[in-house]
There are 2 protein chains.
Amino acid sequence: MRAKKPTRRLGVENSETRAQLIRLAARLIRDEGCAAVTARRLAEDLGLKRQIVHYYFGTIEDLIIAVIRRSVGKLHERVRQELESDEPLRVIWQLGNIVTTALFEFSAMAMRSKAIKVEMKHYMDEFRRMQAQAVTRHLELRGITPTISPLATAFVINSVAHTLAVEKALDVTEGHVETEALMED
Amino acid sequence: MRAKKPTRRLGVENSETRAQLIRLAARLIRDEGCAAVTARRLAEDLGLKRQIVHYYFGTIEDLIIAVIRRSVGKLHERVRQELESDEPLRVIWQLGNIVTTALFEFSAMAMRSKAIKVEMKHYMDEFRRMQAQAVTRHLELRGITPTISPLATAFVINSVAHTLAVEKALDVTEGHVETEALMED
DNA sequence: GTCTATACTTCGATAGAC
DNA sequence: GTCTATCGAAGTATAGAC
């Protein structure tokens with residue numbers, strides 16, 4: 001996509017305005033969905049003109065990818081720290097509830113953009129491996145020999161937490177009480 | 001939304017063109033995502049002008065809701081039949097893999113539209129109850145006394161099946177083999 | 001039932017001035 | 001670094017002719 005004419009000017013990576021655009025875009029994706037992320041909306045919320053977005057990012061897709069890198073990078077660091085707690089299983093369970101909205105939107109965008117799909121795949125694979133590691137640690141802490149794959153355990157816990165959160169956002173609650181009770185094993 | 005001026009003409013419900021528009025929209029949502037559903041695209045694929053869409057539906061949102069009603073209605077009927085098989089658990093497991101893409105897109109739209117959210121909630125609640133019924137029947141067929149809530153069981157199976165399918169669409173496969181093996185219990 | 005014509009909005013993007 | 005100016009494309013929607 002980005003290999004046509006290098007005549008175009010682009011802002012530097014460590015600009016403050018650039019960072020503000022990324023932060024604002026992340027917030028918009030979380031609160032209003034990816035459709036809210038337009039050059040106009042972003043720039044005017046910062047008191048600037050919409051062309052500034054193309055100065056820093058070239059295309060909107062480039063901006064989205066920058067948002068994903070930042071969001072996932074922050075999450076990654078946070079998970080890494082929290083998994084050192086005494087209850088790593090509970091940590092991955094609660095995490096599934098927190099970042100759901102943004103993750104859902106990222107996934108929706110990845111469905112239709114090859115570049116975003118590649119970006120997301122990389123992080124999701126790694127995230128799952130970290131979760132599996134947490135499961136292993138949980139069992140070791142309690143002296144239990146694992147009977148089922150830690151990867152599968154991580155998958156199921158994360159999947160259920162994620163689905164619960166998405167459905168709550170859609171006001172769907174049928175079976176939630178029962179499922180939440182079940183997961184407290 | 002729809003209570004301003006009743007001066008506008010609208011096509012009849014049993015029109016063939018109207019049915020074609022709904023079918024085409026359903027296919028577009030499944031194959032290319034909700035962003036592909038525009039009046040222009042729909043009409044021109046049928047060899048008509050884009051204004052025809054507004055003659056039959058007024059707004060695009062009305063069209064989407066018609067698509068949801070039709071899709072879910074068909075699914076509902078299918079599930080009702082298949083759950084009478086000898087392996088109802090396997091049926092709901094496989095079902096999660098099939099309708100995922102459309103369901104994902106509907107959910108994304110529901111996140112940003114009150115009317116669509118209401119429509120989806122209704123069907124998802126009912127769908128879950130049907131699944132729970134399948135779980136109950138599965139256990140009865142085998143003379144097992146349920147130790148965990150059928151609703152929760154249905155939720156977990158459906159959630160994992162759905163997540164697996166979404167991730168496959170995103171080329172994410174970490175832990176899938178392990179999870180699929182686990183679910184074959 | 002479908003068309004033409006039209007209005008209005010918003011989008012992404014580029015070139016060049018200051 | 002941010003602006004003005006401008007482009008072309010696409011979107012939803014309405015009114016009225018045939």
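In this text the structure is predicted, and so the values were computed from the model without any measurement. We use all heavy atoms of the structure for the numbers below, so side chains are in, but hydrogens, waters and symmetry mates are not. So that the names make sense, note that chain A is the first sequence line, chain B the second, and so on, each numbered from 1.
Between the CG atom of A:L10 and the C1' atom of C:dA15 there is a distance of 14 Å, given to the nearest Å. Regarding B:E44, its CD atom lies at a distance of 14 Å from the C1' atom of C:dC3, rounded to whole Å. Between B:E16 atom CD and C:dT2 atom P the separation is 10 Å, expressed in whole Å. Put simply, CG on B:L21 is 13 Å from P on D:dT12, counting in whole angstrom units. Atom CZ of A:R8 and atom P of D:dT2 are 16 Å apart (whole Å). With rounding to whole Å, A:L63 atom CG is found 14 Å from C:dC11 atom P. For the pair A:K49 NZ and C:dA17 C1', the interatomic distance rounds to 16 Å; values are reported in whole Å.
Side-chain N/O atoms of B:T38 include one lying less than 4.0 angstrom from OP1 or OP2 on D:dG11. Residue B:Y55 has a polar side-chain atom (N or O) positioned under 4.0 Å from OP1 or OP2 of C:dG1. Note on A:H54: a side-chain N or O is less than 4.0 Å away from OP1 or OP2 of C:dA13. For D:dT2, one of the phosphate oxygens OP1 or OP2 lies less than 4.0 angstrom from a side-chain nitrogen or oxygen of A:Y56. Taking side-chain N and O atoms only, A:T59 has no distance below 4.0 Å to OP1 or OP2 of C:dG12.
Contact of A:R40 with C:dG12 (side chain to base): no donor-acceptor pair of N or O atoms is detected under 3.5 Å. At a cut-off of 3.5 angstrom, counting only N and O atoms as typed in the model, there is no donor on one side facing an acceptor on the other between the side-chain of A:R41 and the base of C:dT10. Residue A:R9 places a side-chain atom within donor-acceptor reach of the base of D:dT2, judged by atom type and a 3.5 Å distance cut-off alone. Side chain B:R50 to base C:dT4: no donor-acceptor pair is found below 3.5 Å. Remark: the A:R18 side chain and the D:dG1 base include no donor-acceptor N/O pair separated by less than 3.5 Å.
Mapping A:S15 and B:A39 onto DNA chain D via the closest heavy atom, the residue that lands nearer the 5' end is A:S15.
Between the CG atom of A:L95 and the CG atom of A:N158 there is a distance of 8.0 Å, given to the nearest 0.5 Å.
In the hydrophobic clustering of this structure, B:V118 does not group with B:I68; members are Ile, Leu, Val, Met, Phe, Trp, Tyr whose side-chain heavy atoms approach within less than 4.5 Å, directly or through other members.
We find that B:R112 and A:E105 are joined by a salt bridge, their nearest charged nitrogen and carboxylate oxygen being less than 4.0 Å apart. Salt bridge status for A:K74 with A:E77: absent, with no side-chain N to carboxylate O gap under 4.0 Å. A salt bridge does not link B:R137 to B:E140: none of the charged nitrogens lies less than 4.0 Å from a carboxylate oxygen. Under the 4.0 Å criterion applied to side-chain N and carboxylate O atoms, B:E167 and A:R128 are assigned as salt-bridge partners.
Minimum atom distance to the side chain of B:L48 is reached by C:dC3, of the listed C:dT6, C:dC3, D:dC3. Of the listed nucleotides (D:dC3, C:dT4, D:dG16), D:dC3 has the atom at the smallest distance from the side chain of A:Q51. Of the candidates D:dC7, D:dT4, D:dT12, D:dT12 carries the atom nearest the B:I60 side chain, counting heavy atoms from C-beta on. Comparing C:dT2, D:dC3, C:dA17 by their nearest atom to the side chain of B:T17 picks out C:dT2.
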